[in-house]
Asks: 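After the structure tokens below, expect a handful of questions from me.
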Amino acid sequence: MPAYHPQRIEPRWQAYWEEHQTFATPDLDRDRPKLYILDMFPYPSGAGLHVGHPEGYTATDILCRFKRMKGFNVLHPMGWDAFGLPAEQYAVQTNTHPRVTTQANIDNFRRQIKSLGFSYDWSREVDTTDPGYYRWTQWIFLKIHDTWYDRDFEWTDPQGRPRKGKGRPIAELPIPDGVDPDAYRDSRRLAYRAEVPVNWCPALGTVLANEEVIDGKSERGGHPVVRMPLTQWMLRITAYGDRLVEDLEIVDWPKSIRDMQRNWVGRSEGAEVDFPVVISGQPPAPPSGRFPDKPAENVIRVYTTRPDTLFGATYMVLAPEHPLVDRVTTPEHSEAVAKYREQAARKSDLDRTDLAKTKTGVFTGGHATNPVTGEPIPIWIADYVLISYGTGAIMAVPAHDERDFEFAKTFDIPIRAVVEPPADWLKANAPKEAPADLLAAYKADPGAFSGVFHDEGVSIQSRNDEFAMDGMPTAEAKPAVTAWLAEKGLGKKAVNYKLRDWLFSRQRYWGEPFPVLLDESDRVSPVGEDELPVLLPDLDDFKPTGTPEPPLSKAREWVRYSEKLRREINTMPQWAGSCWYYLRYIDPNNTERPWDPEKEKYWLPVDLYVGGAEHAVLHLLYSRFWHKVLFDRGLVSTPEPFQRLVNQGMILGETEYTAYRDPAGAWVAAASVVQSDKGPIRKGDASATVLETVKLEEDQIVKKGEGFVLKDAPEIRVDARAHKMSKSRGNVINPDVVVSEYGADSLRLYEMFMGPLEAVKPWSMKGVEGVYRFLGRAWRMIVDYEAEEIALDQRVKDAEPTPEQAKLVARTIAAVGDDYEALRFNTAVSRLMEFVNAFTGAEVRPKAAMEAFTLLLAPMAPHLAEELWRILGHEKTLAYEPWPTFDPVLLKDDEVEIPVQILGKVRSKITVPADADAQAVEAAARADARVAALLEGKTVRKVIVVPGKLINFVAN
RNA sequence: GCCGAAGUGGCGGAAUGGCAGACGCGACGGAUUCAAAAUCCGUUGGGGUAACACCCGUGUGGGUUCAAGUCCCACCUUCGGUACCA
């Protein structure tokens, strides 16, 4: 019985915590500092918990338990992100209602998470599919719908920085004269319907956001996605582009995530320039002197980040979908143009990127005038220009842009150099038989050079009668030419974003219904707040229709709201519920409002948010956007929701050792094998023989050089790799199995001991056994494992610790506390192991030391710690015991052993008083026999003493 | 291509510019046992030595420094993100 049996201990303590509501958090507590520590809530899939989930959850749980002992009021909730595609697909497959499967999955996830002993406040559990929750998701949508973005609004943020641009109530939108006020308001709302080219995924039967499309395939499932125009709900996230970037400065997030978000928003600065179209040989009308907001009729407006290269624009390209294509196309080219546009329309984004190698396009027959040279330049259409970025048209400068260069080479369009590259670039890229004057050669024919110079340089060949920028470095030339264009009314400075507005509707059943109504002319009116929630109607047939017609169209009664009004039948995307769940946790049962403002002020922002890096742009960008709208509308008090973000690294499967055999059974060198979807094949083998993949045991391999080889056939290299866990690979670790075999504490401890929280690391069952053994040793350090009944080990007694023990206790308390604070759990485990190693050999184990150890262990292995705490004679949970303290004097040693270096190499060691000064250390070192012998006959040029650390003689 | 992170024993990993390899796994040796499991105690970067000494060693090549895994420059590899974004 008194052996360590986690299976007996753990359920008992889980029941205790639940019964005593140990981790219920008061809504407000002004006496203690607050801490809001949040996990990314899981999507409860049918596959159950993955070992990746407990990694982040354990890290936050340790910190929460630690901080409670440190006297903080800690909010630590859990919930379910339960709307979404997989639940619906599974429901369709099994012909069960998604509500049923979702509920079952949630129950399973809850059971699994509870079995790991996390200190969540379960009274705050939220479920995004609960009408009591999505009622407020709909409410927030209405707030967004009720908001417009005032770009010129000036205000001061809580950091005291002056800011420009803010979301304001639609009622405060000034209506210009002569417009329909309702239509004008609708055109300015942050939530709007628009016909846009969308990513339609036939396999999933829905449209997808840009963020959900990767390489022309759906993020989920990898199905092809095609472009088609559809009327959809959009959220005007682009209005917040600047603030989403700027406020990355005030959050404590990993640089990589901030960079990813910055790149995703993709702000660039440049200029818009108008190129007049030449109509039937007539010269264009002279510029008006003012750059209009909308381009005049016969003008192609382009966006460029390199206005300084304007003199080198030798042609223009319109996206095939550009509205001016028909107007500029001449009759003799119209057939070719029409054909090309048709082809481009049929191509999915995937095809377009596949063909990225060779540029295609056709000449329209039309010409425009380069506004600085006055020369006519041809207008082409090509699908390397995207309608969705900038103005959908470019000025092409083949000398200084690789894409334009490639296109110009293909279609034999003149290339004109307008930026002077540095001399070494010219040298490196010059053609073989170039004359001595490389610059002259470059000016004459940049197309003959082997590279394209796209960096900044110095402007050349850039002058007309009124304006010249020759000799200007790029950084000066850009504003100079932009200013000149602005003065002429031909252009102006402009900013562009890669970020597109967020496509916010889906043609699916399992999502939040939009709380809006449409009339016969599709004009939108929101439902009243008193009508929320707009319940998702029960449907027997919730299958996607296979067309862009959403399944909710089948709920005929529900759709028909009144004689004139019908309900919106699209649903919200999965991201909607997760955009604000951290706000609902602070007041989860409020039926009057989404959250109480007092509680919001107390708890926000989230102090620490831990989750996987896969949400770097999607969820984290979307929820920041919603939060900012809520902030602008005065509904939350902080500009950012998540103050600190930490990404846990992925846990890979166990390292696999693989070799290959050909069909005859002979080993094949790994280097000659490539992976294909059929399996590994031999490189360069036209018949693509499918080889046998052989997974090897560790005793079949041996280290050689950089890697491993087969023991029996040392010429065959072995692949050693840890892969992502996946069902198909069969390397998935089920947490349930680990818990039943080794206990939750071992799983928790192992996942923390594997390595740094942020690192990607492979699983090892042997490693789990290692920490399990450690917990057994800790148990036996305190508990008499040979006794019949539970009892303290006889060596544990009320005794004064030896000086060494006292020091170890103090050092361990200090180090473990520091490690917890800094989320360095792997080294915290090491410290506790060292402690146990030291006390295992001790004949006297002072009880106070054992108690301190138990409290230090508690955040990581709470079940075992609670049990030990009770055995040590305490009745109550240790969850709120004060963190152990120590006398800082004990951290200092009286004497230290320090290395003596000669020329930087350790030659001896001496023991000196810890506070010995430089002279004393040097004297002690010189007194050392070995040192004295080695210094014999050498000149000591310099002596470096780092007191308490080392001494180095520079001598030769 | 671009952005970011990381390369340390057989393996996971540890090291405010100051003794590289803490802690764990694995391996080897021993104690205990009739035997095994479990447990406990040792050894374990490579070369070298009877044992010391000594030499080499943190992806590669340079540099800064009394001293570099750590800082600087160039490169290589792996992982993550992203890509006709004008």
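The model shown is predicted, which means the values in this text are computed figures rather than measured ones. Every chain is numbered from 1 and lettered A, B, ... according to where its sequence line falls, protein lines coming before strand lines.
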Asks: Any side-chain donor paired with an acceptor under 3.5 Å for A:Ser268 and A:Asn496?
Replies: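 No, no side-chain donor-acceptor pair sits under 3.5 Å.
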Asks: Could you identify the nucleotide paired to B:U60, looking across every strand shown and requiring Watson-Crick or G-U wobble geometry with both distances under 3.5 Å?
Replies: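 B:A74 - that is the nucleotide pairing with B:U60, both distances being under 3.5 Å.
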Asks: Judged by each residue's nearest nucleotide on RNA chain B, which is more toward the 5′ side, A:Phe708 or A:Met260?
Replies: A:Phe708
Asks: For A:Pro254, answer base if it contacts any base atom (sugar-phosphate contacts may also be present), sugar-phosphate if it contacts only those atoms, and nothing otherwise; contact means non-hydrogen atoms under 4.0 Å.
Replies: nothing
Asks: Side chain of A:Tyr389 only, please: which of B:C23, B:A86, B:G13 is the nearest?
Replies: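 Closest nucleotide among those given: B:A86.
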Asks: Under 4.0 Å from OP1 or OP2 of B:C66: is there any side-chain N or O of A:Lys942 that close?
Replies: yes
Asks: Closer than 4.0 Å, any side-chain N/O of A:Arg930 to the OP1 or OP2 of B:C54?
Replies: yes
Asks: Could you check which nucleotide pairs with B:A27 in any of the strands shown, counting Watson-Crick or G-U wobble with both distances under 3.5 Å?
Replies: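 Across any shown strand, B:A27 pairs with B:U43.
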Asks: Considering every strand and a 4.0 Å limit on heavy-atom distances, what is the contact class for A:Lys909: base, sugar-phosphate, or nothing?
Replies: base
Asks: For nucleotides B:U8 and B:A22, find the distance between their C1' atoms and express it as a whole number of Å.
Replies: 13 Å
Asks: Tell me what A:Val906 touches on the nucleic acid: a base, only sugar-phosphate, or nothing, going by heavy atoms under 4.0 Å.
Replies: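 The answer is sugar-phosphate, as A:Val906 gets under 4.0 Å only of primed atoms, P, OP1 or OP2.
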Asks: Suppose we call a contact any N or O donor and acceptor under 3.5 Å apart; does that hold for the side chain of A:Lys766 and the base of B:C11?
Replies: no
Asks: Please give, in whole Å, the distance from B:A53 P to A:Arg907 CZ?
Replies: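 Going from CZ in A:Arg907 over to P in B:A53 covers 11 Å.
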Asks: Check the chi torsion on B:G81 and let me know: syn if it falls within 90° of 0, anti if not.
Replies: anti
Asks: If pairing requires Watson-Crick or G-U wobble contacts with both distances under 3.5 Å, which nucleotide is the partner of B:C2?
Replies: B:G81
Asks: Can you tell me if A:Tyr772 and A:Asp745 form a side-chain donor-acceptor pair at under 3.5 Å?
Replies: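 A:Asp745 and A:Tyr772 do not have a side-chain donor-acceptor pair below 3.5 Å.
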Asks: Does the A:Asp784 side chain pair with the main chain of A:Glu786, one donor and one acceptor, at a distance under 3.5 Å?
Replies: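 Yes; at least one donor-acceptor contact below 3.5 Å.
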Asks: Within this structure, what is the CD-to-C1' distance between A:Gln901 and B:A67, rounded to whole angstrom?
Replies: 6 Å
Asks: Touch check for A:Tyr497, heavy atoms < 4.0 angstrom, all strands: base, sugar-phosphate only, or nothing?
Replies: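 Contact class for A:Tyr497: none.
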Asks: May I ask you to say what A:Ser268 touches in the nucleic acid, namely base, sugar-phosphate or nothing, with a heavy-atom cut-off under 4.0 Å?
Replies: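 Contact class for A:Ser268: sugar-phosphate only.
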Asks: Take atom CD1 of A:Ile944 and atom P of B:G17, then tell me their distance rounded to the nearest Å.
Replies: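 Value for this atom pair: 18 Å.
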Asks: Given B:G18, B:C84, B:C41, which nucleotide is nearest the side-chain atoms of A:Thr840?
Replies: B:C41
Asks: Across the strands shown, which category fits A:Arg262 at heavy-atom distances under 4.0 angstrom: base, sugar-phosphate, nothing?
Replies: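 Nothing: the residue A:Arg262, judged by heavy atoms under 4.0 Å, touches no strand.
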Asks: Nearest whole Å is fine: how far is B:U16 P from A:Asp819 CG?
Replies: 11 Å
Asks: Across all strands shown, which nucleotide pairs with B:A51 by Watson-Crick or G-U wobble geometry, both distances under 3.5 Å?
Replies: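 Pairing partner: none.
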Asks: For a salt bridge (Lys or Arg N to Asp or Glu O under 4.0 Å) with A:Glu249, tell me which candidate from A:Lys255, A:Arg262, A:Arg258 qualifies.
Replies: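 The passing option is A:Arg262.
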Asks: With both distances under 3.5 Å as the test, what is the Watson-Crick or G-U wobble partner of B:C19?
Replies: none
Asks: Looking at the side chain of A:Asn952, which of B:G18, B:A5, B:A86 is the nearest nucleotide?
Replies: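 That would be B:G18.
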Asks: Is a donor on one side and an acceptor on the other found under 3.5 Å between the side chain of A:Arg941 and the backbone of A:Ala955?
Replies: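 No; zero donor-acceptor contacts below 3.5 Å.
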Asks: Base, sugar-phosphate or nothing for A:Asn496? Non-hydrogen atoms, less than 4.0 Å.
Replies: nothing
Asks: When all nucleic acid strands are considered with a 4.0 Å heavy-atom cut-off, which category describes A:Asn826: base, sugar-phosphate, or nothing?
Replies: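 Sugar-phosphate: the residue A:Asn826, judged by heavy atoms under 4.0 Å, touches backbone atoms but no base.
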Asks: Which nucleotide in the set B:C23, B:U82, B:C84 lies at the smallest distance from any side-chain heavy atom of A:Asp383?
Replies: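 Nearest to the side-chain atoms of A:Asp383, counting from C-beta on, is B:C84.
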Asks: Side chain of A:Arg777, heavy atoms from C-beta onward: which of B:C84, B:U78, B:C41 has the nearest atom to it?
Replies: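 That would be B:C41.
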Asks: Only pairs with both distances under 3.5 Å count, Watson-Crick or wobble alike; so what is the partner of B:A35 in this structure?
Replies: none
Asks: Counting only heavy atoms not in A:Glu897, do more than 12 sit closer than 6.0 Å to its CD atom?
Replies: yes
Asks: With a non-hydrogen cut-off below 4.0 angstrom, is A:Arg721 in contact with a base, only sugar-phosphate, or nothing?
Replies: sugar-phosphate
Asks: Mind calculating the distance between CE (A:Met833) and P (B:G13) to the nearest angstrom?
Replies: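 Answer to the nearest Å: 15 Å.
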Asks: Distance check, C1' atoms only: B:A6 and B:U60, in whole angstrom units.
Replies: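 Each nucleotide's C1' atom is 16 Å from the other's.
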Asks: Walk me through it: do A:Asp383 and A:Lys359 pass the test salt bridge (Lys or Arg N to Asp or Glu O under 4.0 Å)?
Replies: CA-CA 8 Å; A:Asp383 64 7; A:Lys359 300 256 178 302; over 6 Å; no
Asks: Where the side chain of A:Arg403 is defined as all heavy atoms beyond and including C-beta, which of B:U82, B:A22, B:C84 is the nearest nucleotide?
Replies: B:C84
Asks: If you look at every strand shown and take non-hydrogen atoms under 4.0 Å, does A:Ser256 touch a base, only sugar-phosphate, or nothing?
Replies: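 Answer is sugar-phosphate: A:Ser256 comes under 4.0 Å of backbone atoms only.
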Asks: Compare the minimum distances between each of B:G18, B:G12, B:A86 and the side chain of A:Asp401, then state the nucleotide with the smallest one.
Replies: B:A86
Asks: OP1 or OP2 of B:A86 versus the side-chain N and O atoms of A:Arg301: is any pair under 4.0 Å?
Replies: no
Asks: Please tell me if A:Asn263 has a side-chain N or O lying less than 4.0 Å from either OP1 or OP2 of B:G81.
Replies: no
Asks: In whole Å, I'd like the distance from the CD atom of A:Glu758 to the P atom of B:A6.
Replies: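 So the CD-P distance, A:Glu758 to B:A6, works out to 10 Å.
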Asks: Between A:Tyr622 and A:Trp502, is the ring centre distance below 6.0 Å?
Replies: yes
Asks: Hey, does A:Arg780 reach any base, or is it just sugar-phosphate, or nothing, if we go heavy atoms under 4.0 Å?
Replies: sugar-phosphate
Asks: Want to settle it: does A:Val771 or A:Ile257 sit nearer the 5' end of RNA chain B, counting the closest nucleotide to each?
Replies: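 It is A:Ile257 whose nearest nucleotide is closer to the 5' end.
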Asks: Indicate, with a heavy-atom threshold strictly under 4.0 Å, whether A:Glu897 touches base, sugar-phosphate, or nothing.
Replies: base
Asks: Looking only at the side chain of A:Lys905 (C-beta and beyond, no hydrogens), which of the listed nucleotides B:A14, B:C56, B:C84 gets closest?
Replies: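 Between B:A14, B:C56, B:C84, the one nearest the side chain of A:Lys905 would be B:C56.
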Asks: Check this one for me: any side-chain N or O of A:Asn837 less than 4.0 Å away from OP1 or OP2 of B:G24?
Replies: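 Checking A:Asn837 against B:G24: at least one side-chain N or O falls below 4.0 Å of OP1 or OP2.
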Asks: Do A:Tyr384 and A:Thr360 meet the criterion of a side-chain donor-acceptor pair at a distance under 3.5 Å?
Replies: no
Asks: In whole angstrom, give me the gap between the C1' atoms of B:C72 and B:G21.
Replies: 26 Å
Asks: Indicate, with a heavy-atom threshold strictly under 4.0 Å, whether A:Gly770 touches base, sugar-phosphate, or nothing.
Replies: sugar-phosphate
Asks: For the P atoms, the ones on B:G12 and on B:G30, what distance do you get once it is rounded to whole angstrom?
Replies: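 One P to the other, the span is 30 Å.
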Asks: Closest approach to the side chain of A:Asp259, judged atom by atom: which nucleotide of B:G4, B:C84, B:G26 is it?
Replies: B:G4
Asks: Between B:A5, B:U16, B:C66, spot the one nearest the side chain of A:Val954, thanks.
Replies: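 Shortest atom-to-atom distance from the side chain points to B:C66.
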Asks: How long is the line joining CD1 of A:Ile902 and P of B:C55, in whole Å?
Replies: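 Going from CD1 in A:Ile902 over to P in B:C55 covers 11 Å.
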Asks: Determine whether more than 12 heavy atoms belonging to other residues, nucleotides or ligands lie under 6.0 Å from atom NZ of A:Lys807.
Replies: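 Yes, NZ of A:Lys807 has more than 12 neighbouring heavy atoms, counting only those of other groups under 6.0 Å.
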Asks: What's A:Ser764 touching, base or sugar-phosphate or nothing? Going by heavy atoms closer than 4.0 Å.
Replies: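 Answer is nothing: A:Ser764 stays at 4.0 Å or more from every strand.
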Asks: If you measure from the C1' atom in B:C75 to the same atom in B:G81, how many Å do you get, rounded?
Replies: 23 Å
Asks: Between P on B:G81 and CG on A:Leu618, what's the gap in Å once rounded to a whole number?
Replies: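 The distance from CG of A:Leu618 to P of B:G81 comes to 11 Å, rounded to the nearest Å.
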